[in-house]
Amino acid sequence: MTVYFAAVTAGALLLILQPQEYGILPYYTSLLLGGSLFAALVYTVIQGTILRLNVNRTIAALMKEFERADHGDIHRKALQEIIDLLECDYGSLLTVDRGGYKMVTLRDNGVMSETACRVTDIDTESVEIVRRREPLLFPNWNRRRPSGGLDQHLYAQGMRSSLHLPVLYQGQVIAVINAGSRRADHFSRKHLLQLEQTAPIFSFGLSHINAENMYRAVSQTGQEAIILADGEMRILEWNPGAERIYGYTRREALGQPLSLIIPHLCLESFAAQEAAAGQAEPVPGGTLELEGLHRDGHTFPIEISFTRWQAGTLFFYSSIIRDITRRKKTEAQILDSENRFRALFENASDMILLGDFHNAVGLILEANDVACRKLGYTKNELRGMTGAELGVGDEHFNAEYAKIIRLLKEEGSATFEWRLKAKNGEVILCECSTKIIELGGRKASLNMLRDISDRKRAEEELRNSEARYRRLVELSPELIAVHTDGKVVFINQSGARMLGAASPEELIGRSIMDFVHPEYHEVVGSRTRQMYDNGTPVELLEEKLVGVDGRIIDVLMQGTDIRYKGKASAMVMALDLTERRRAELSLKETEDRFRKLIELSPDAVCVYQEGRIVFANARAAAIFGLSGPAEVVGSPTERFLHPKHYDKELLLAKELYHKNGILPHLELTYLTAQGAEVMVEVSISSILDGGKPAIFTSFRDISERKAAEQKLQETNRKLQEANRQLQQLSSRDGLTGIPNRRSFDEAYARAWEEAARGSKPLSVILCDIDFFKAYNDTYGHQGGDACLRAVAGIFEAAAAGSGQLAARYGGEEFVILLPGSGVEEARAAAEAVRAKVEQAGIPHKASKAGGCVTLSAGIATVIPHPLVQPGDLIGQADKALYRAKLQGRNRVAAYGDAAGTGRS
């Protein structure tokens, strides 16, 4: 344009000037051309300055909007600034949301609106810039325009020029700015340059707003406390989670020091870890378990994750705090559960094996002490062994193995029988209950094994016994039958014969009432319900039965409840009273003869009825110191009975009035009429006399016999005591409850063999309570027993869980077996037990070794070999014990030592 203007001016001068004046044209033209160029340059500079001013104004306005705390209409105001900068009619802002596009702000014809509609690449072609990350410029839509559906709509509304710019943040498109004008060629590269200069601040602002919104969403809805503090540990931000955890409102917490919510001691630990960072960069991912301080004053466990970061010269701390009270309780419960499981595992009476179920081989991971003891392996030996190595591998188990594995996989548990082979070759039949559990993220099998060898033998004996019982029932001369739900399900041959049937099969399935006389239907029904419903037996009762041929049979019937083939049933037994009826007829005839025999009997006889003696023979009168029976009859029941029998024997005798019973061979003390005591042996029974209940007593003077029996009783007592002691020797000591001599001998034999095989030391501690006879004499046998139990408890506690065995060796002697222990270990163990017994402070005023119960101990150690006999070690320990006693007691002596150790 400047050149054009200079050419026009030069042409005009050619028309105006004279030819002789043409010489000045070059100078004038140059001057005019230079001035025009200068003016154009000034105009360009001014336009560029205006452009930069507008851009800077827009940037400043955008920054001001982004700095505001309330960002509710930030998209609308930001778009308004862009439209004012570009001086256009239309604008929109598209945000990229999870791979889609959302139009959040739109201005059309001067009207600004907030919207949130979804936009697809079919609606507008401008979203193509999201994929290309490059701006799009359409200066004149008449020549070229976007092809999207929304773009076609805008063209119909008069849109003729558009500009589209992507907003990038960290290399990703987060928004698209769209500007449009109704004038063709409105937009040029100049507008694109302006928009690109504002894009960075726009990118920063949008990302800042998104970050703030996400932070607020997390902090306002999270359950954790999110707290921001300055470099002086003063609270700058406090979310609702912090209000819930600590009880302070946001207004109360802001500006307060962190010591308000973290106890001082814990705060020092927190600050020390922060100070240890000693750097300006953020401190990542520190997590501590501390104690929080609630507003009401109580402390509670918290988990705090903190970060230290710097903005300019200022340091800040951001933290996420969780209340872990529930987690701590859960952890404590889990730990308690683990401890209980471990205690159950180790103290169970059955063998327990823990195996790996992930591995098809089924390696054993752990075993309890019972399994080690029964199988003869150590825990280390069992770990790594497989079930196949422990099993006998019989064909039946191999055939069932796949079925067991399938059952474990499908249902998680199974019960089966398993024959195990102990280390010594012994085969143990076990009932194995297996359950699949989770252990450290892996499947494991928990196997409870119970030795059922004895049970199997008992079951075999039970089957034999049942066979014998059935044979006995079948051969019994009395009627024996079983009925279920009122139907006969079993009857023996004698019962069938009594009822007139050819065989028991003829009666099976028939109702029991078919064979009960109608007079007894109600009574039998009541007794049957008692057995079925209450599960209690019924007493003897005389009844009448009806045979299959209609014959009436008098029987004495008794029944009890049983389980027959898994159902509640009743078993009845009936005695045919036909012969008894005949006997009753002759009984009456013999009563007179019997009375005469009683009167002449060498034994004393009395009959008591309604609290008085109604009959006495001559021998009874003689024992009572009276001249004849007449002086006895009519006397009260208590007249000749010693008062010491009133509370027991007299009450028992009175109870017989209402029961059928006998009290045979009671030894009582009677008083004569003169007051002398007489020892008698009495048999008491209930009878009917004159149709009324009475008590029949037969007694004889046994005063002379008692002296002879005294020696016999003493002998019997000793024999019984010896027999009782022999019975108690089976496993545990009956007095102290710890293993007895027999248990020790068995364990000693096993330990000797194991030590011989492994060439390992074996030690024995033989102990004796000092002056224990004097203790018994002073405190009595009960006191002595209590002393033995207390000392045994100390021995058992000392040996518990150590692989040692403490046992009562005999009397006041105790013994400890220490497999694998040398002389010094044995000495230390013996000294520890001796000291604990002394520290127990059990009074013993008769002891010459001190004022309390003390212990002397002898120890011996040997590595078994063919030249040493098992009894040698016990003998050496006994010699060491003897030397400890000679040296003053309350000390430990080892075989081979010059002197014992201990405190006298």
Side-chain angles (χ1 to χ4, degrees), residues 536-542 556-558 560 573 575 577 580 583-584 587 590-591 593-626 629 631-673 675-710 712-714 716-717 720:
T536 56
V538 293
E539 296 179 353
L540 285 168
L541 181 68
E542 290 188 12
L556 185 63
M557 184 76 73
Q558 187 176 22
T560 185
M573 291 165 284
L575 175 65
L577 296 180
R580 176 176 163 181
E584 286 177 350
L587 179 62
T590 59
E591 278 187 355
R593 292 196 300 270
F594 175 75
R595 183 176 290 274
K596 291 179 180 179
L597 288 174
I598 291 296
E599 290 174 350
L600 299 175
S601 172
D603 288 338
V605 175
C606 286
V607 177
Y608 298 84
Q609 195 173 58
E610 297 179 349
R612 293 191 174 274
I613 300 175
V614 296
F615 174 82
N617 65 355
R619 181 58 184 161
I623 291 177
F624 293 148
L626 298 174
E631 296 183 48
V632 179
V633 174
S635 299
T637 302
E638 298 87 353
R639 177 182 176 185
F640 303 107
L641 185 65
H642 196 285
K644 67 182 180 180
H645 300 304
Y646 287 175
D647 293 336
K648 184 178 180 182
E649 285 80 0
L650 182 59
L651 293 177
L652 291 174
K654 288 181 178 180
E655 288 179 1
L656 291 180
Y657 275 107
H658 310 289
K659 295 181 180 179
N660 259 342
I662 298 175
L663 296 175
H665 308 302
L666 297 178
E667 292 186 359
L668 305 178
T669 302
Y670 278 177
L671 297 175
T672 66
E677 294 185 358
V678 181
M679 288 291 296
V680 296
E681 181 183 73
V682 184
S683 293
I684 305 174
S685 63
S686 60
I687 63 171
L688 288 176
D689 186 43
K692 295 180 181 180
I695 296 297
F696 177 88
T697 62
S698 173
F699 55 95
R700 65 182 60 184
D701 187 347
I702 59 171
S703 301
E704 296 178 357
R705 193 185 76 189
K706 291 304 289 181
E709 289 180 350
Q710 194 70 29
L712 180 61
Q713 289 177 354
E714 179 64 21
N716 287 338
R717 186 191 65 78
Q720 290 172 358

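If you're wondering where the values come from, they're calculated on a predicted model, not measured in any experiment.
- The distance from the OG atom of Ser683 to the CG atom of Leu666 is 7.0 Å, given to the nearest 0.5 Å.
- Qualifying side-chain hydrogen bond (donor to acceptor under 3.5 Å, both in side chains) partners for Ser686, counting only residues two or more places apart in sequence or in other chains: none.
- Partners of Ala622 under the side-chain contact (heavy atoms from CB on, under 4.5 Å) rule, at least two apart in sequence or in another chain, are Arg619.
- Considering only residues two or more places apart in sequence or on other chains, Asp701 meets the salt bridge (Lys or Arg N to Asp or Glu O under 4.0 Å) condition with none of them.
- Within the structure, the ring pair (Phe, Tyr, Trp, His ring centres under 6.0 Å) test picks out the following pairs touching residues 602-626 (sequence neighbours left out): Phe624-Phe640, Phe624-Tyr670, Phe624-Phe699.
- Nearest heavy atoms, Pro629 versus Ala621: N-CB, 3.7 Å.
- Taken to the nearest 0.5 Å, the OG1 atom of Thr697 stands 10.5 Å off from the CG atom of Leu641.
- A donor-acceptor contact shorter than 3.5 Å links the side chain of His645 to the backbone of Thr669.
- Take Arg612 and apply the salt bridge (Lys or Arg N to Asp or Glu O under 4.0 Å) test, not counting sequence neighbours, and it matches no residue.
- For Glu638, there are no side-chain hydrogen bond (donor to acceptor under 3.5 Å, both in side chains) partners, not counting sequence neighbours.
- Between Val678 and Ser703, the closest heavy-atom pair is CG1-OG, 4.2 Å.
- Rounding to the nearest 0.5 angstrom, the gap separating the CD1 atom in Ile623 from the CZ atom in Arg700 is 9.5 Å.
- Partners of Arg705 by side-chain hydrogen bond (donor to acceptor under 3.5 Å, both in side chains), not counting sequence neighbours, listed by chain and number: Glu681, Glu709.
- Across every non-hydrogen atom of Glu667 and Lys706, the tightest pair is OE1-NZ, 2.6 Å.
- Considering only residues two or more places apart in sequence or on other chains, Pro643 meets the side-chain contact (heavy atoms from CB on, under 4.5 Å) condition with Tyr646, Leu671.
- Judged by distance alone, the side chain of Thr637 and the main-chain N or O of Gly611 form a donor-acceptor pair under 3.5 Å.
- Contacts of Glu677 classified as salt bridge (Lys or Arg N to Asp or Glu O under 4.0 Å), with partners at least two apart in sequence or in another chain: none.
- Taking every heavy atom of both residues into account, Leu626 and Ala673 meet most closely at CD2-CB, 3.6 Å.
- Contact detail for Ala616 and Val632: the closest heavy-atom pair is CB-CG1, 3.7 Å.
- In this structure, the side chain of Asp603 does not engage the main chain of Ser698 through any donor-acceptor pair within 3.5 Å.
- For the side-chain contact (heavy atoms from CB on, under 4.5 Å) test, no residue two or more places apart in sequence or in another chain qualifies with Glu704.
- Residue Lys692 places its NZ atom among 12 or fewer non-hydrogen atoms of other residues, nucleotides or ligands, all under 6.0 Å distant.
- Among residues two or more places apart in sequence or in another chain, the side-chain hydrogen bond (donor to acceptor under 3.5 Å, both in side chains) test is passed with Thr672 by Gln674.
- No more than 12 heavy atoms of other residues, nucleotides or ligands sit less than 6.0 Å from atom CD1 of Ile662.
- Partners of Leu556 according to the side-chain contact (heavy atoms from CB on, under 4.5 Å) rule, which considers only residues two or more places apart in sequence or in another chain, are Leu540, Glu542, Leu575, Leu577, Arg580.
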